[in-house]
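Quick note on labels: first sequence line is chain A, next is B, and so on, each numbered from 1.
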Amino acid sequence: MKSNIAHLVEQALALIPELADAPELSSISKSVERTRDSRHGDFTTNIAMRLAKSVDKNPRELAAQIIEYLPASKFVDKVELAGPGFINFHVASAAFHQEIASILDNGDNYGRQKAKEKPRYLIEFVSANPTGPLHVGHGRHAAYGATLGNLIEAAGYPVDREYYLNDAGRQMDILGVSVWVRMLEQRGERVPFPEAGYKGDYIGEIAASVDNSQLPDVSVDKLCSDLPPDAPAGDKEQFIDALIRKAGELLGEDLFRYVRHEAHTRISADIEDDLKGFGIEFDRWFSEQSLTDEGLISDALQLLKDRGMLYEKDGATWFRATDYGDEKDRVVVRENGKTTYFASDIAYHYGKRKRGYDHLLDVLGSDHHGYVARVRAGLEAMGYAGDCLEVELVQFVSLYRADKKLSMSTRSGSFVTLRQLREEVGNDAARFFYVMRSNDQHLDFDLELAKKHSNDNPVYYIQYAHARVASVFRQLNEKSMKWDKGPGLENLAALAETHEKALMRTLSRYPEIIELAANNRAPQHLVHYLRDLASEFHTYYNAHTFIVDEDELRNARLALIAATRQVIANGLNILGVSAPDSM
RNA sequence: GCGCCCGUAGCUCAGUUGGAUAGAGCACCUGCCUCCUAAGCAGGGGGUCGCAGGUUCGAAUCCUGCCGGGCGCACCA
């Protein structure tokens with residue numbers, strides 16, 4: 001609908017010779033907006049004010065001229081010049097009627113843009129370390145990333161979703177050691193648990209379930225001999241590193257690798273199951289270890305070396321990140337010969353491009369913002385455009401229960417898992433609450449509100465509108481009546497009430513909202529839109545009866561509410577929230 | 001100290017990339033079920049858009065400087 005108006009404006013401007021090379025001409029469609037105030041019509045453009053100075057004309061004069069050249073359209077009732085130079089469009093009812101027909105015809109596909117082949121998106125999100133269950137912060141990443149994927153897909157782009165599994169490196173050693181110590185404990189050894197180890201109960205559960213028939217007996221004395229003191233007396237990091245070396249010696253590398261592998265595969269399986277239960281599935285679980293195994297790290301480093309982007313200093317290999325705007329150069333190979341996490345990241349993003357993705361969209365915690373510049377630097381140094389990497393940062397989540405902030409300390413083991421949250425408030429409320437706020441805004445998640453079955457709770461408010469439409473159609477059946485869609489669509493002109501007009505206008509905005517939310521990576525636009533739509537429906541519901549005796553009016557009203565149900569369902573589907581027929 | 005994000009109604013937040021009189025929800029008041037689900041509707045009060053300058057026809061939005069909050073600044077991941 002909006003693009004029709006923009007097209008009219010475009011045609012008019014083409015007829016004004018002085019405007020031929022005005023620079024603003026490229027942004028005509030951007031200059032056409034919905035009005036905020038219905039007295040100003042349905043659409044407005046400020047193009048005359050934007051162009052006025054480049055052609056040295058009075059904005060109102062120019063606007064008048066544009067209006068004069070506007071081609072006639074059956075979709076526009078009236079065009080007005082207003083204020084300092086706005087051109088306001090009053091859209092004909094026929095255009096809204098056609099939109100209702102389009103909603104019903106397209107069904108679940110209404111609002112989806114036509115498919116494009118490029119750019120190919122790869123969205124990476126969650127990517128939490130497989131060292132424990134997901135907590136409520138990861139839940140926000142999951143909901144946001146999944147919704148973003150749905151939105152961009154609805155905007156017509158091919159999207160793949162990927163989870164980067166950090167299954168390599170020191171933290172896997174720490175995980176393995178944590179499980180091993182619990183296994184020894186379960187054998188009755190009174191071994192001290194390392195301060196830097198993972199303390200959650202799930203470690204004990206893994207320890208109990210891992211095959212321990214090969215596990216050598218290790219006494220406390222043997223374990224603790226020549227170990228440095230643990231915290232608080234000593235350094236917990238030094239202690240656990242020593243303990244990891246001990247594990248290698250006493251357990252043997254093969255057995256230690258086995259324990260580590262068991263631990264992380266069980267945890268990642270649990271994460272996958274948790275996300276699946278949350279309605280989120282990935283196209284790929286990408287193993288960090290595979291980067292080394294398949295030579296991608298050495299390939300990436302070789303490429304950087306060939307391009308002269310690496311140098312040696314203090315026994316380490318450095319990448320010239322400062323050449324590409326990073327604050328400092330970064331180590332890629334440590335003095336001890338091991339590659340850094342950053343090297344993995346460069347290789348991982350290099351691999352993404354090699355696999356054919358044009359646009360790399362990473363959803364990261366806001367605490368990772370510092371690392372964006374260096375990954376981008378890496379891509380640029382390898383010859384890719386820096387803007388092929390986009391990073392959306394997600395701020396932290398605070399849980400509240402009755403005005404009381406819940407402590408989220410991982411150390412104390414008192415953190416709330418995503419699974420607990422889902423069980424308490426349900427998937428629908430969780431998915432909805434997570435994307436209700438802008439991702440760069442801290443989120444206060446109110447557990448009590450999410451559980452409330454009342455109008456306080458926006459998710460139920462929207463779902464209720466959907467259920468109410470379904471209920472109306474059930475009533476129709478009970479009265480042995482039928483909705484005749486064809487006559488309904490033909491008689492939409494019978495819908496003359498202000499509530500009906502408002503509802504039609506709001507419905508017609510849906511495709512624009514999808515585009516807006518997708519382009520801005522801002523699911524909250526869709527959330528707010530759905531709330532507005534539900535509100536207009538509830539108002540209409542209270543003001544008028546749909547199942548009236550008069551056939552034409554009844555069929556038309558039913559067409560309108562059927563379209564409303566469809567749009568609500570489509571929007572909720574993108575958010576990953578169910579659209580129930582009864583509540 | 002340097003960098004990124006955020007300061008909008010009592011509370012939680014939107015604000016269509018610079019538009020017309022700054023909007024919702026909650027909370028607080030007043031009404032509405034003989035009627036398709038009251039998980040609903042109608043109405044009311046509530047603002048120095050952190051502060052100060054600047055850019056222009058026009059600023060919550062863009063620029064600069066302060067103030068306040070969060071996060072980051074590893075040969076950790």
Side-chain angles (χ1 to χ4, degrees), chain A residues 30-31 33-37 39-40 44 46 49-50 52-53 58-60 82-86 88 129 131 166 168-172 174 237 288 313-318 327-328 330-336 338-342 344-345 365-373 393 395-396 400 403 436-438 440-444 446 449 452-465 467-476 478-479 509 512-513 515-517 519-520 522 524-525 527-529 531-532 534-535 537-548 561 582-583:
Chain A
K30 253 179 152 179
S31 82
E33 297 179 345
R34 291 273 174 172
T35 57
R36 295 177 191 220
D37 187 332
R39 282 172 306 183
H40 298 135
T44 187
N46 59 10
M49 289 178 282
R50 297 171 92 166
K53 55 177 171 286
N58 172 316
R60 280 188 65 98
F86 292 105
N88 294 337
N129 295 335
T131 55
N166 295 107
R170 179 170 171 260
Q171 62 182 341
M172 285 298 110
I174 296 176
E237 302 297 337
E288 181 189 356
K313 192 182 91 180
D314 305 333
T317 306
W318 297 70
E327 296 169 344
K328 49 173 84 165
R330 307 288 174 177
V331 171
V332 286
V333 184
R334 286 187 276 252
E335 201 177 355
N336 65 13
K338 287 187 176 172
T339 55
T340 58
Y341 177 82
F342 172 55
S344 294
D345 256 322
S366 59
D367 53 336
H368 284 70
H369 70 78
Y371 116 143
V372 177
L393 298 172
Q395 294 284 346
F396 297 144
Y400 284 80
D403 294 337
M436 198 163 58
R437 303 295 178 223
S438 167
D440 52 24
Q441 202 61 256
H442 287 262
L443 177 67
D444 289 331
D446 186 334
L449 177 61
K452 257 189 188 171
H453 287 206
S454 76
N455 58 346
D456 302 1
N457 190 335
V459 65
Y460 293 117
Y461 182 86
I462 295 165
Q463 288 181 319
Y464 185 44
R468 265 183 154 176
V469 177
S471 171
V472 171
F473 281 94
R474 278 196 298 273
Q475 282 291 321
L476 193 70
E478 280 171 28
K479 293 181 179 176
R509 281 172 53 210
E512 294 158 34
I513 295 296
E515 196 181 352
L516 175 75
N519 288 343
N520 292 352
Q524 78 271 15
H525 288 304
V527 169
H528 287 280
Y529 168 81
R531 224 212 145 270
D532 286 348
S535 168
F537 171 78
H538 287 309
T539 298
Y540 181 36
Y541 182 97
N542 269 68
H544 299 284
T545 305
F546 308 141
I547 304 178
V548 293
I561 66 168
S582 67
M583 295 175 72

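- A donor-acceptor pair under 3.5 Å is absent between the side-chain atoms of Ser535(A) and the main chain of Arg531(A), judged by distance alone.
- Of all nucleotides listed (C71(B), G19(B), C75(B)), G19(B) comes nearest to the side chain of Pro84(A).
- The Leu516(A) side chain lies nearest to U16(B) when the options are U16(B), A77(B), A74(B).
- Atoms CD (Gln475(A)) and C1' (C36(B)) sit 5 Å apart, rounded to a whole Å.
- For a distance-only test at 3.5 Å, the side chain of Asn46(A) qualifies as a donor-acceptor partner of the base of G19(B).
- Separation of the P atoms belonging to U16(B) and G7(B) is 12 Å when rounded to the nearest angstrom.
- Residue Asn520(A) is in base contact, counting any heavy-atom pair closer than 4.0 Å across all strands shown.
- The CD atom of Glu335(A) sits 8 Å away from the C1' atom of C75(B) (whole-angstrom rounding).
- Contact check for Ile561(A) versus Tyr540(A): side-chain heavy atoms found under the 4.5 Å cut-off.
- At a threshold of 4.0 angstrom between heavy atoms, the contacts of Gln463(A) with the nucleic acid are absent.
- With a glycosidic angle more than 90° from 0, C4(B) adopts the anti conformation.
- Within the nucleic acid shown, Ala82(A) comes within 4.0 Å of at least one base atom, counting heavy atoms only.
- Straight-line distance between the C1' atoms of A9(B) and G15(B): roughly 14 Å, to the nearest whole Å.
- For Asn46(A) against Ser31(A), the heavy-atom pair with the smallest separation is OD1-CB, 3.4 Å.
- For the pair Thr35(A) and Phe86(A), the minimum side-chain heavy-atom distance is 4.5 Å or more.
- The same atom, C1', is picked in U8(B) and in G69(B); the two are 16 Å apart, to the nearest Å.
- When side chains are defined from C-beta on, Val331(A) does not count as touching Phe342(A), because their heavy atoms never get closer than 4.5 Å.
- When the C1' atom is used for both G18(B) and U56(B), the distance is 10 Å, rounded to whole Å.
- Contact annotation: Tyr461(A) side-chain N/O to C41(B) OP1/OP2 distance is under 4.0 Å.
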ask   = Could you run down nucleotides 8-13 of chain B 5' to 3' and tag each one B, S or - for protein heavy-atom contact under 4.0 Å?
value = ----BS
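- Across all strands shown, Asp37(A) has no heavy atoms under 4.0 Å from either base or sugar-phosphate atoms.
- As rounded to whole Å, 11 Å separates atom P of A60(B) from atom CZ of Arg36(A).
- Residue Asn166(A) is out of contact with every strand shown, counting any heavy-atom pair closer than 4.0 Å.
- Taking atom C1' on both nucleotides, A59(B) is separated from U21(B) by 16 Å, rounded to a whole Å.
- Here the shortest heavy-atom pairing between Arg60(A) and Pro84(A) reads CG-O, 3.6 Å.
- Rounded to whole Å, the distance from CZ on Phe86(A) to P on C57(B) is 14 Å.
- Asp532(A) contributes no side-chain N or O that forms a donor-acceptor pair with the base of A14(B) under 3.5 Å.
- For the pair Met49(A) CE and G19(B) C1', the computed distance is 6 Å after rounding to whole Å.
- Each of Lys479(A) and Glu327(A) has a nearest nucleotide on RNA chain B; the 5'-most of these lies closest to Lys479(A).
- The phosphate of G18(B) (OP1 or OP2) has no side-chain N or O of Arg50(A) nearer than 4.0 angstrom.
- Look at Arg468(A) and you'll find a side-chain N or O under 4.0 angstrom from OP1 or OP2 of A38(B).
- Counting only heavy atoms from C-beta outward, the side chains of Tyr371(A) and Asp345(A) approach each other to under 4.5 Å.
- Phe537(A) places its CZ atom 9 Å from the C1' atom of C36(B), with the value rounded to the nearest Å.
- Using a 4.0 Å heavy-atom cutoff across all strands shown, Thr317(A) reaches no nucleic acid atom at all.
- Syn is the glycosidic conformation of U17(B), whose angle stays within 90° of 0.
- Nearest to the side chain of His368(A), among G15(B), A77(B), C41(B), sits A77(B).
- Annotation: cation-pi pair Arg468(A)/Tyr541(A) present, NZ/CZ under 6.0 Å from the ring centroid and within 45° of its normal.
- One atom, CZ of Arg330(A), and another, P of A77(B), lie 14 Å apart when rounded to the nearest Å.
- Using C1' as the reference atom, A27(B) and U12(B) are 11 Å apart when rounded to the nearest Å.
- In this structure, the separation between OG on Ser471(A) and CE on Met583(A) is 12.0 Å, given to the nearest 0.5 Å.
- Out of G40(B), G3(B), C36(B), the shortest distance to the side chain of His538(A) is found at G40(B).
- Counting any heavy atom pair closer than 4.0 Å across all strands shown, Ala168(A) reaches sugar-phosphate atoms only and no base atom.
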ask   = Which dot-bracket notation, 5' to 3', represents the base pairing of RNA chain B when pairs are defined as Watson-Crick or G-U with both distances under 3.5 Å, crossing pairs as [ ], and inter-strand pairs as |?
value = (((((((..((((.....[...)))).(((((.......))))).....(((((..]....))))))))))))....
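- At a threshold of 4.0 angstrom between heavy atoms, the contacts of Ser366(A) are confined to the sugar-phosphate backbone, with no base atom among them.
- Using C1' as the reference atom, A60(B) and A22(B) are 8 Å apart when rounded to the nearest Å.
- At the heavy-atom level, Ile547(A) lies under 4.0 Å from base atoms of the strands shown.
- Partners of Glu512(A) by side-chain hydrogen bond (donor to acceptor under 3.5 Å, both in side chains), not counting sequence neighbours, listed by chain and number: Arg34(A).
- Contact record, Arg170(A) with Glu237(A): NH2-OE1, 2.6 Å, taken as the closest heavy-atom pair.
- If you take CD1 of Ile513(A) and P of A14(B), they are 15 Å apart, rounded to a whole angstrom.
- Within the 4.0 angstrom heavy-atom criterion, base atoms lie near Tyr541(A).
- The residue among Asp314(A) and Asn88(A) whose nearest nucleotide of RNA chain B lies closer to the 5′ end is Asn88(A).
- In this structure, Arg39(A) reaches the bases: a heavy-atom distance under 4.0 Å links it to at least one base atom across the strands shown.
- In this structure, the side chains of Phe396(A) and Leu443(A) stay at 4.5 Å or more apart for every pair of heavy atoms.
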inquiry  = Show, in sequence, the C-alpha distance, side-chain angles and deciding distance for Gln171(A) and Thr131(A), and conclude whether the side-chain hydrogen bond (donor to acceptor under 3.5 Å, both in side chains) test is met.
reply    = CA-CA 8 Å; Gln171(A) 62 182 341; Thr131(A) 55; 5.0 Å; no
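- Here, U55(B) and C13(B) have their P atoms 35 Å apart, quoted to the whole Å.
- Proximity note for His369(A) (side chain, C-beta onward) versus A77(B), A20(B), C71(B): the nearest is C71(B).
- Dashed line: the shortest gap from a side-chain N or O of Thr539(A) to OP1 or OP2 of A42(B) is under 4.0 Å.
- Using cut-offs of 30° and 60° for the angle between ring planes, the Tyr461(A) and His538(A) rings count as perpendicular.
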